[in-house]
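One structure, as structure tokens, below. Some questions next.
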Number of protein chains: 2
Amino acid sequence: MALRYLIGVDGGGSGTRLCLADTQGHILTTQTGGPSALGQGIEAAWQTITGLCQQAFNQQHLTFNPAECGIGLGLSGVHNPQWAHAFQVRAPGFGHLQLDTDAFTTLLGAHAGAPGAVVAIGTGSVGEALYADGSRRGVGGWGWTSGDEASGAWLGKHASARTQKALDGRLPDGPLAAAVIQHCGGSADHFMAWLGEADQNAYAQLAPLVLQHSDDDTHARPLLQQAGQEVALLAQALDPEGTLPLALCGGLAQALTPWLPEALRQRIRPAQGDSMQGALILIQKAC
Amino acid sequence: MALRYLIGVDGGGSGTRLCLADTQGHILTTQTGGPSALGQGIEAAWQTITGLCQQAFNQQHLTFNPAECGIGLGLSGVHNPQWAHAFQVRAPGFGHLQLDTDAFTTLLGAHAGAPGAVVAIGTGSVGEALYADGSRRGVGGWGWTSGDEASGAWLGKHASARTQKALDGRLPDGPLAAAVIQHCGGSADHFMAWLGEADQNAYAQLAPLVLQHSDDDTHARPLLQQAGQEVALLAQALDPEGTLPLALCGGLAQALTPWLPEALRQRIRPAQGDSMQGALILIQKAC
């Protein structure tokens, strides 16, 4: 059956964005819904995605027939080959399906499918590049417990360590430590309880405090400078000669830009599109 | 009923040591068994401990009657007030019971109950001091996700981050990274899977690799020096004037000693006893 529609999906741990387009890639409608990260369940991801497909077709007064659709998906969790396989075998008969990481669709969106590099900095962090010969490379993205440098969780863990040292007298108190204690319940005991439960998202919620106190806390400034150096290290590994266009993406991209080394900051270009548009490019390229 | 026996217990996540002594504190027998950290279950902790009590009395051909015993316990997890309370209300009718953290009984054991300071470095890290006026203070011990500086888990997380950077080209390869990859399955994919499961204990298993490569890896040496500085920071917060005797305890104490700042290394004295002996001192002091 000939393809009549293209669908682009950006799916993560907090939400999903989906667009319905014609075969030329002109977007007819965009829908948003709940999470579809593969780590939160394969079945749940497909329910979210097919639900949003149905919504998009309903909104356009069209009939949703998967066999007539090519779907491109950039999903969180695709780096796990078992999850990716389980997701693909449960697909409801699309005419064509292309699945990749949300890092790669972010890259495709940022440079409209052309060669380039991105560093995405949000709760986690990851870098990805597409080269002129069609090859690609990922850097970082090893997870929050010991990696994800410069991410929200990474900034939060450093802010937490600094707060611990202020609370037990290893370092002088400061506005950042005071703000962290306030955020985590207002006392050392509350902070200890908070730490017992803290995951990636909880730590990432401390990152705005680091940014807020960049001027008045002696620890926040070197921490942000270190984050900038870590972003530079990711960018340099992706493109040692610095010839590719580079975009900074993710929720912390804008806030961290002033903290990048000057030479890197000069090279940054705005992203042309987002991960959902990149997912549409992914399926366009394949059809 | 008059006390006829004293019992000292050191309980942690991997095992328990218990001694049975007379009322003068002369140890009659020592028994070892499974874990009794409160975080692994209150009921399970009591089962382990009363089982070891029974074993100790059996071994001495004596009858175990809790009412005739004073028991001192230094247990992992006592910093959580809810767990400590739940543990105490389930106690099987001992004549006297004193419960404290294993950090405090380590301190009591190290200096035979006299004023002093300890820094304990194992899977986690914590410092504790007892002052001449009877007051005490703890430093560190905030947990592995963002604290526990210089601990095995802390060393392992840094080694892991360094390995990630070697694998994706952010830093040159080196013997430490090669050893970590080997330990974690032998490939980047195996390492990624390992990271997805890694907890405090898994990270701490990388610490010996850091120590093994202190001479031939350019990253291992500064990391161990940084660990030494973190131990110094704990010691200084406990005793800013450096007048108390200081012992280094825990599984990594000996291996980290050469990496301490010279002035601190000079001050270290061997521990006089362990946490089990400290638990016996805890109950002796109370009776």
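Fair warning: this is a prediction, and the values are worked out from it, not measured in the lab. Sequence lines set the chain letters: A, B, ... in the order given, protein chains first and strands last, and positions in each chain run from 1.
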The side chain to side chain contact (heavy atoms under 4.5 Å, CB included) partners of A/Ala84 (sequence neighbours excluded) come to A/Val78, A/Leu99

If one checks every heavy atom of A/Leu238 against chain B at 4.5 Å, the contacting part turns out to be neither

* **Residue A/Ala232 versus chain B: region with a heavy atom under 4.5 Å** =>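 Neither part.
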
Residue set satisfying side chain to side chain contact (heavy atoms under 4.5 Å, CB included) with A/Val231, at least two apart, ordered chain then number -> A/Val119, A/Ile121, A/Ala150, A/Leu248, A/Leu260, A/Leu264

Short donor-acceptor separations (under 3.5 Å), chain B to chain A:
unit_1: B/Arg137; atom_1: NH2; unit_2: A/Asp168; atom_2: O; d: 3.2
unit_1: B/Gly140; atom_1: N; unit_2: A/Asp168; atom_2: OD2; d: 2.7
unit_1: B/Trp142; atom_1: NE1; unit_2: A/Asp168; atom_2: OD2; d: 2.9
unit_1: B/Thr145; atom_1: OG1; unit_2: A/Tyr203; atom_2: OH; d: 2.6
unit_1: B/Ser146; atom_1: OG; unit_2: A/Ser160; atom_2: OG; d: 2.8
unit_1: B/Ser146; atom_1: OG; unit_2: A/Gln164; atom_2: NE2; d: 3.1
unit_1: B/Ser146; atom_1: OG; unit_2: A/Tyr203; atom_2: OH; d: 2.9
unit_1: B/Glu149; atom_1: OE1; unit_2: A/Arg170; atom_2: NH1; d: 3.1
unit_1: B/Ser160; atom_1: OG; unit_2: A/Ser146; atom_2: OG; d: 2.8
unit_1: B/Gln164; atom_1: NE2; unit_2: A/Ser146; atom_2: OG; d: 3.1
unit_1: B/Lys165; atom_1: NZ; unit_2: A/Glu230; atom_2: OE1; d: 2.9
unit_1: B/Lys165; atom_1: NZ; unit_2: A/Glu230; atom_2: OE2; d: 3.0
unit_1: B/Asp168; atom_1: O; unit_2: A/Arg137; atom_2: NH2; d: 3.2
unit_1: B/Asp168; atom_1: OD2; unit_2: A/Gly140; atom_2: N; d: 2.7
unit_1: B/Asp168; atom_1: OD2; unit_2: A/Trp142; atom_2: NE1; d: 2.9
unit_1: B/Arg170; atom_1: NH1; unit_2: A/Glu149; atom_2: OE1; d: 3.1
unit_1: B/Tyr203; atom_1: OH; unit_2: A/Thr145; atom_2: OG1; d: 2.7
unit_1: B/Tyr203; atom_1: OH; unit_2: A/Ser146; atom_2: OG; d: 2.9
unit_1: B/Glu230; atom_1: OE1; unit_2: A/Lys165; atom_2: NZ; d: 2.9
unit_1: B/Glu230; atom_1: OE2; unit_2: A/Lys165; atom_2: NZ; d: 3.0

The interface call for B/Ala153 against chain A, heavy-atom contacts under 4.5 Å, is neither

When A/Ala198, A/Gly147, A/Gly127, A/Gly140 are compared by non-hydrogen pairs under 4.5 Å with chain B, the top option
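Counting heavy-atom pairs under 4.5 Å, the top option is A/Gly140.
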
